[in-house]
Chemist: 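Structure below; questions to follow.
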Amino acid sequence: MNASNNAFKAIADPARREILRLLRPGEMTAGELAAHFDMSKPTMSHHFAVLADADLITRRREGQTIWYGLNTTVLQDVLSWVMDLTDAKGSKK
């Protein structure tokens with residue numbers, strides 16, 4: 001599966017979109033993010049893994065703490081693709 005497909009699969013889920021929204025202001029720990037959801041740790045880990053596999057988020061470890069952040073480059077690429085699609089559709093009128 002290519003990177004675009006992974007990104008679209010990742011953002012198809014409302015919880016993952018909310019994770020991305022929460023990360024807009026800056027990095028957050030896994031625990032800080034999980035506090036916003038009523039989900040088990042394994043479910044949250046799965047969402048983090050899907051977003052990381054799609055390269056939409058970055059993760060770094062500081063001791064036992066995992067910090068997550070937005071990978072804005074990939075998000076900009078996805079938005080650019082959507083905008084190109086929208087422009088192409090609009091120009092065929």
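Residue numbers count from 1 along this sequence.
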Chemist: Kindly list each side-chain donor-acceptor pair under 3.5 angstrom involving residues 20-34, sequence neighbours excluded, with atom names and distances?
Modeler:
unit_1	atom_1	unit_2	atom_2	d
R21	NE	E18	OE1	2.9
R21	NE	E18	OE2	3.3
R21	NH2	E18	OE2	2.6
E27	OE1	R60	NE	3.2
E27	OE1	R60	NH2	2.6
E27	OE2	R60	NE	3.0
T29	OG1	E32	N	3.0
E32	OE1	T29	N	2.8

Chemist: With heavy-atom distances below 4.5 Å as the criterion, would you say the side chains of M44 and I19 are in contact?
Modeler: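 Side chain of M44 against side chain of I19, heavy atoms only: contact under 4.5 Å found.
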Chemist: Hydrophobic clusters here meaning ILVMFWY residues chained together by side-chain heavy-atom distances under 4.5 Å, can you tell me if L70 and V50 are in one?
Modeler: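 No.
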Chemist: Given 3.5 Å as the limit, does a donor-acceptor pair link the side chain of T43 with the main chain of M39, or not?
Modeler: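 Flag not set: sc T43 to bb M39 has no pair under 3.5 Å.
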Chemist: Nearest 0.5 Å please: distance from the CD1 atom of I66 over to the CZ atom of R59.
Modeler: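 Going from the CD1 atom of I66 to the CZ atom of R59 covers 7.0 Å.
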Chemist: Could you tell me which non-hydrogen atom of H47 sits nearest to which non-hydrogen atom of A15, and how far apart they are?
Modeler: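 Scanning both residues, the minimum pair turns out to be NE2-CB, 3.9 Å.
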Chemist: Looking only at heavy atoms, what is the nearest atom pair of I57 and A52, with distance?
Modeler: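 Result for this residue pair: CG1-N, 3.6 Å.
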Chemist: Looking only at heavy atoms, which two atoms of R16 and A10 are closest? And how far apart?
Modeler: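 Looking at all heavy atoms of both residues, the closest pair is NE-O, 2.8 Å.
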Chemist: Evaluate W67 against T58 for side-chain contact (heavy atoms from CB on, under 4.5 Å), listing each step before the verdict.
Modeler: CA-CA 8 Å; W67 288 86; T58 61; over 6 Å; no
Chemist: Using the rule that two of Ile, Leu, Val, Met, Phe, Trp, Tyr join whenever any of their side-chain heavy atoms come within less than 4.5 Å, decide whether L51 and Y68 are in one cluster.
Modeler: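 Same cluster: L51 reaches Y68 through Ile, Leu, Val, Met, Phe, Trp or Tyr contacts under 4.5 Å.
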Chemist: Hey, could you give me the CG/CZ distance between L56 and F8, rounded to the nearest 0.5 Å?
Modeler: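 Here the interatomic distance stands at 10.0 Å.
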Chemist: Does any N or O in the side chain of R17 come within less than 3.5 Å of the main-chain N or O of A12, such that one atom is a donor and the other an acceptor?
Modeler: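 Judged by distance alone, yes, a pair lies under 3.5 Å.
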